[in-house]
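Note sheet for the following structure.
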Amino acid sequence: MRLLLTAGPTREAIDPVRYISNRSSGRMGYAIAAAAAARGHEVVLVTGPVAIPAPAPLADRVPVESAREMYDAVRDRIGGCDAAIFCAAVADYRPVQIAEQKIKKTGDRLTLELEKTEDILGSARLVFGFSGVLVGFAAETEQVETHARAKLEKKSCDLIVANDVSRPGVGFDAEENEVRLFFADGHAESLGRQSKAEIGQKLVEIVEGLVKGGRL
Ligand code: PMT
C-alpha cells in the first residue's frame with residue numbers, strides 16, 4: 001500500500017528566533033514509518049522538525065515546520081494513498097502576527113494573540129476528498145475514551161489511536177507507548193505498554209487489514 005504519515009511537532013513562529021511547539025520527538029511516527037517500509041509499503045513521511053534519523057527507505061520524506069506547511073504538504077500528497085496515519089502533534093494555535101524583528105523585553109508582561117491553525121486531519125475527508133483508510137491519533141490527559149470517540153466521529157476516521165499522555169514514561173518524548181484503539185464500528189482494543197517500534201508494527205498490520213476491507 002501507499003501510506004501517508006505525519007510525525008513530529010510543528011513550530012509556530014513568534015518572531016525570527018522564537019516559536020510555540022510541543023514535546024513530540026517524532027519517535028512514534030518514525031516507528032510506524034519504519035515498520036511500514038520494512039513490510040514493503042511505500043511511505044510518504046511528512047515530518048515536523050525532529051532530532052532522530054529518518055527511517056529508510058521511504059518513498060518520500062517531506063520536512064516541514066509549521067502547521068500550515070504540514071497542511072499544504074499533506075494536501076498535495078494524500079491523493080493516491082491507500083491509507084493515512086496522522087501521528088504528528090500539530091499546534092492547534094499560532095500567533096496571529098509574526099514579529100519581523102526579535103521582540104524586545106520592554107514590559108513585565110507580553111500578550112500574544114493566537115489563532116487556530118488548519119485542522120489537517122479534519123480536512124482529509126471534507127477538503128482533500130480522501131477516501132482511503134484514515135487513522136488519527138488523540139493525545140488526551142483526561143476522559144480519553146470520550147474525547148477519542150468524539151474525534152473518531154467528527155473527523156470521519158476509521159481508527160483513532162488514543163494516547164493517555166498524562167502517564168509518565170509513555171507518549172510524548174518517551175521510548176515506549178501504551179494506546180487504546182477505537183474503531184469506526186464501535187470495537188475497541190488496547191495495546192499495552194511496549195516499545196514504539198512494537199506498537200508501530202501492530203498499527204501497520206491493523207491498517208493493512210483495514211485497507212483489505214477487514215477490521216483484524
Ligand atoms: O513524537 P513522540 O514523542 O513519539 O510522541 C508521540 C505522540 C504522543 C505525539 C503521538 O503518539 C500522538 O499522540 N500524536 C497526536 C498528538 C496530537 O496532537 O493529538 P491531538 O489530540 O491534539 O490531535 C488529534 C489528531 O488531529 C492527531 O491525529 C493530530 O495529528 C491531528 N491534528 C491536530 C491538530 C491539527 N491542527 N491538525 C491535525 O491534523
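One-based numbering, in listed order, for ligands and for the atoms of each.
Salt bridge annotation for Glu178-Arg167: present, with a cationic side-chain nitrogen under 4.0 angstrom from a carboxylate oxygen. A salt bridge links Glu205 with Arg39: the closest approach of a Lys/Arg side-chain nitrogen to an acidic carboxylate oxygen falls below 4.0 angstrom. The pair Arg149-Glu153 does not meet the salt-bridge criterion, since no charged nitrogen lies less than 4.0 angstrom from a carboxylate oxygen. A salt bridge links Arg27 to Asp173: one of the charged nitrogens lies within less than 4.0 Å of a carboxylate oxygen.
For atom 13 (O) of ligand 1, the nearest protein heavy atom (residue, atom name, distance) is Asn163 OD1, 3.1 Å. Atom 20 (P) of ligand 1 has as its closest protein heavy atom Lys151 NZ, 3.7 Å. Of all protein heavy atoms, the one lying nearest to atom 34 (C) of ligand 1 is Asp92 OD1, 3.3 Å. Ranking the protein heavy atoms by distance from atom 14 (N) of ligand 1 puts Cys87 O, 2.9 Å first. Summary of contacts: the protein heavy atom closest to atom 15 (C) of ligand 1 is Phe137 CB, 3.5 Å. Of all protein heavy atoms, the one closest to atom 39 (O) of ligand 1 is Leu121 N, 2.8 Å. From the protein, the heavy atom lying nearest to atom 32 (N) of ligand 1 is Val90 CG2, 4.0 Å. Of the protein's non-hydrogen atoms, the one nearest atom 6 (C) of ligand 1 is Met28 CB, 3.6 Å.
Between Ile160 and Phe137, the shortest heavy-atom contact is CD1-O, 4.4 Å.
In terms of N/O distances under 3.5 Å, ligand 1 is not approached by Gly29. Where the criterion is an N or O separation shorter than 3.5 Å, residue side chain and backbone included, Thr6 fails it with respect to ligand 1. Considering backbone and side-chain atoms together, Ala88 places an N or O closer than 3.5 Å to an N or O of ligand 1. In terms of N/O distances under 3.5 Å, ligand 1 is approached by Ile120. Geometrically, ligand 1 and Ala138 share no nitrogen or oxygen pair separated by less than 3.5 Å. Checked by distance only, ligand 1 and Gly8 stay at 3.5 Å or farther apart across all their nitrogen or oxygen atoms. Checking only distances, Ala174 never comes within under 3.5 Å of ligand 1, N or O to N or O.
For atom 2 (P) of ligand 1, the nearest non-hydrogen atom from the set Ala91, Gly136, Ser25, Ala31 comes from Ser25.
Checked by atom type, the side-chain pair Thr111/Glu113 shows no donor-acceptor distance below 3.5 Å. Judged by distance alone, the side chains of Thr47 and Tyr30 do bring a donor and an acceptor atom under 3.5 Å apart. Donor-acceptor pairing under 3.5 Å is lacking for the side chains of Ser24 and Asn22.
Ligand-side atoms of ligand 1 in range of Asn177: 11 (O), range being under 4.0 angstrom from any heavy atom. Taking every non-hydrogen atom of Ser24 and a distance limit under 4.0 Å, the qualifying atoms of ligand 1 come out as 1 (O), 2 (P), 3 (O), 9 (C). Annotation for ligand 1: atoms under 4.0 Å from non-hydrogen atoms of Lys196 are 2 (P), 3 (O), 4 (O), 5 (O). Short contacts between ligand 1 and Arg27, defined as distances under 4.0 Å to a heavy atom of the residue, involve ligand atoms 1 (O), 2 (P), 4 (O). Distances below 4.0 Å separate heavy atoms of Phe86 from the following atoms of ligand 1: 27 (C), 28 (O), 30 (O). Interface of Ala139 with ligand 1, defined as ligand atoms under 4.0 Å from a residue heavy atom, comprises 13 (O), 16 (C), 17 (C), 19 (O), 20 (P), 21 (O). Near Glu118, meaning under 4.0 Å from any of its heavy atoms, are these atoms of ligand 1: 35 (C), 36 (N), 37 (N). Every atom of ligand 1 is numbered from 1 in the order shown, and the set under 4.0 Å from a heavy atom of Gly26 is 1 (O), 2 (P), 3 (O).
Looking at Lys155 against ligand 1, nothing comes within 4.0 Å, counting heavy atoms.
Cluster annotation: Leu210 is connected to Val204 through the hydrophobic network of ILVMFWY side chains, with a link wherever side-chain heavy atoms come within less than 4.5 Å.
For Ser21 (side chain) and Thr10 (main-chain N/O), a donor-acceptor pair under 3.5 Å exists by modelled atom type. Proximity of a side-chain donor or acceptor of Asn177 to a complementary backbone N or O of Lys196 within less than 3.5 Å is not detected. Between the side chain of Ser156 and the backbone N or O of Arg125 there is no donor-acceptor pair closer than 3.5 Å. For the pair Glu69 (side chain) and Ala67 (backbone), a donor-acceptor distance under 3.5 Å is absent. When atom types are taken as modelled, the side chain of Ser66 and the backbone of Glu12 share no donor-acceptor pair closer than 3.5 angstrom.
Of the residues Val44, Val46, Leu45, the one that meets the side chain to side chain contact (heavy atoms under 4.5 Å, CB included) test with Leu5 is Leu45.
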